[in-house]
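Structure, as structure tokens:
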Amino acid sequence: MNIKIKLFKTKNKFSHSRWSKISPSQNWRLALYILLAIFIASFSFGFYLFIQNNKDINADVANTQASKDMLNSKRIQKILDMFSMREKNSANILSNPSTILDPSI
């Protein structure tokens with residue numbers, strides 16, 4: 001008496017589709033050329049973006065009139081006055097803490 005118990009049965013399912021006929025070993029040269037073209041295109045696009053960024057940065061540096069307007073002494077003094085007023089307000093708040101009211105009263 002020869003009894004074989006198989007708990008896990010595996011079925012071999014092979015699907016035959018049109019994609020199963022494509023073999024990478026046959027078309028490796030085509031895949032290699034496509035990947036090489038993608039690599040070259042992405043490198044040249046990145047280089048183009050790099051050049052465009054450098055032109056924009058150089059244009060900003062060359063515009064010195066805008067930087068002179070930003071360094072106006074009146075604007076700087078106004079900002080310093082604002083910070084000194086904030087410092088005084090902060091010192092006033094720290095020296096006079098608010099009284100905590102007990103809500104149970």
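These figures come from a predicted structure and were not determined experimentally.
Judged as a side-chain contact (heavy atoms from CB on, under 4.5 Å), and not counting sequence neighbours, the contacts of Leu36 are Ile40.
Clustering of Ile, Leu, Val, Met, Phe, Trp and Tyr side chains at separations under 4.5 Å leaves Tyr33 isolated, with no partner residue.
One finds the CG atom of Leu35 at 9.5 Å from the CG atom of Leu30 (value rounded to the nearest 0.5 Å). The CZ atom of Phe47 lies 11.0 Å from the CD atom of Gln52; values are rounded to the nearest 0.5 Å. Note: Met82 CE to Leu80 CG = 9.0 Å, rounded to the nearest 0.5 Å.
Contacts classified as side-chain hydrogen bond (donor to acceptor under 3.5 Å, both in side chains) and involving residues 82-93 (residues at least two apart or in different chains) are given here: Asn92-Asn96.
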